[in-house]
Amino acid sequence: MKNNNKWLLTSLMTALVSQGALANVSVIHAGTLLANPAGEPLKAQTLVIEDGKISQIRSGFIAAESFGDNVVYIDLKNRFVMPGLMDMHVHLQGEIGPKNDSEKLRMSDADVAMQSAYFAKKTLLAGFTTVRDLGAKPEQIYALRDGINKGWIDGPRIIASGGVSVTGGHGDVDGMSPDLLDKLTTKTICDGPYDCRRATRRAIKFGADVIKITSTGGVLSDTNTGTGQQMADDEIKEIVDTAHALGRRVASHAHATEGINAALRAGVDSIEHGSYADKESIKLFKKNNAFLVPTLLAGDTVVNMANNADFMSEAIKAKAKRVGGDMMDNFARAYKAGVKIAYGTDSGVSAHGINAREAVLMHQAGMSNKDILISATINGAELIDMSDSLGSLEVGKYADIIATDISPLEDISALLDVGFVMKNGQVYKQ
Ligand SMILES: [Zn+2]
């Protein structure tokens, strides 16, 4: 019996060691490597990945065998290699479409969770290795985030928000019978500063990585209340102070000028959409070191839907055409004025997996390809306070790596066709 146990232990250890050696070291030969999108690409580089992190970057193609037996060799000699893309504004729990109303009634929470796992995988395979989810049923998005982190499900690294909104504002439930509205109103809907302090603490208690607020109305809420400021100054200030005190950042959805400026004055870390930023907003962005997350793809999508589909109410259609149509010019002004931009699509308004179309729209609005890549890597990492582990390929950082056939510095639409995806050193697409 004793001997049997000893044999079992020895063979178990052998199995663990050989599996570990197999899985833990990968060597990539990169034809062109843009390790840091703020710098210049280099030809013929070797990347060594151990335990999910980058352990070496060396010039030339160094033979994989020289890094040990059982290393996994990945040949990207004819590819353009760069850090995984980061989308700072997605909604993994759904996609806007004509069936949304019936789905709300028919789909169980478990159904929604399964669907969001499917959308998460699509997003990862499109080359987006990190996303910030800014609006979802909280318990489900936290479970998805945690399940992905544990390796149960394939998906991007998720920074998950808890939403705090005011009664009747964008972010509250709308467009249903009164008893359903009552039933579905979340516990983080608040009114007045003290109540909003409670709601913020509650969101963090239940697992929010970041707090999402809605300082103005939104295009897709069916309430006929416009896109002006909806949260009072004292409510926004209280939420921001409470979140910051508990180590969480705050993202504010905002369209109208006064709502953008109120949120920036209160100290939010990013403005989502920022459709009508004015000169004062631009000053405040710079003063606070805050990011604009433009979501041009959402604007483009809702204008198309308003013009070509018939499932939106008249109130939504009118907002979509006006705000969606103005987003490109407003973004171009903010970019030219030097506002820091973090890449974000609002996917879920658009379909999941086409997140790279945002890059094409940013390019059309006049942003340089290099700045677009920076917005989708380095700036995203800074916005979520993970610059020490994400955003560029450096020794010690996570091996979140993608590759394209042609250089996105030359043609930004190369991002629409990402052929290789690695996250945490694990290959998901090759
Ligand atoms: Zn959104």
Side-chain angles (χ1 to χ4, degrees), residues 86-97 100 112 116 119-120 123 128 130-138 140-141 144-145 156 158-166 169-175 186 188 203 208-223 227 230-231 249-256 259-260 263 268-277 291-306 312 316 319-320 323-324 326-327 330-331 341-355 357-358 361 375 380 383-384:
M86 304 174 75
D87 188 333
M88 292 295 107
H89 192 134
V90 302
H91 301 277
L92 287 172
Q93 279 179 0
E95 270 176 8
I96 302 289
N100 284 164
V112 175
S116 59
F119 290 145
T123 304
F128 288 79
T130 300
V131 300
R132 205 170 51 145
D133 191 294
L134 290 186
K137 289 188 177 179
Q140 287 169 28
I141 198 73
L144 181 67
R145 169 195 66 194
I158 297 175
I159 309 303
S161 72
V164 177
S165 311
V166 293
H170 185 60
D172 196 358
V173 283
D174 59 54
T186 70
T188 52
D209 299 315
V210 57
I211 297 296
K212 159 81 180 291
I213 63 169
T214 44
S215 67
T216 75
V219 170
L220 294 174
S221 43
D222 195 7
T223 51
T227 52
Q230 291 184 341
M231 283 185 138
R249 296 194 169 183
V250 181
S252 181
H253 154 109
H255 290 296
I260 295 172
V268 298
D269 303 281
S270 67
I271 294 287
E272 311 300 310
H273 322 303
S275 313
Y276 297 99
F291 281 93
L292 171 66
V293 181
T295 71
L296 301 177
L297 183 55
D300 189 62
T301 305
V302 294
V303 171
N304 274 332
M305 283 175 180
M312 286 173 162
I316 292 180
K319 286 188 285 184
V323 177
D326 289 339
M327 280 173 95
N330 285 304
F331 163 68
I341 310 289
Y343 191 100
T345 57
D346 217 350
S347 288
V349 174
S350 52
H352 294 285
I354 57 164
N355 311 52
R357 285 199 196 166
E358 179 79 16
L361 293 168
S375 80
L383 176 55
I384 58 171

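Counting convention: from 1, in listed order, for ligands and their atoms alike. Nothing here was measured: the structure is a model prediction, and the numbers come from that model. Note: hydrogens, waters and symmetry copies are ignored here, and every other heavy atom, side chains too, is used.
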Please determine if the Zn ion (ligand 1) has an N/O/S atom from [X] lying under 2.8 Å away.
X: His91; result: yes
X: Asp346; result: yes
X: His89; result: yes

Please examine the side chains of [Y] and [X], heavy atoms only from C-beta on, and report whether any two atoms are closer than 4.5 Å.
X: Leu383; Y: Val293; answer: yes
X: Arg249; Y: Ile211; answer: no
X: Arg132; Y: Lys212; answer: no

Please determine, by modelled atom types, if Asn355 and Ser347 share a side-chain donor-acceptor pair under 3.5 angstrom.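 The answer is yes; a qualifying pair exists.
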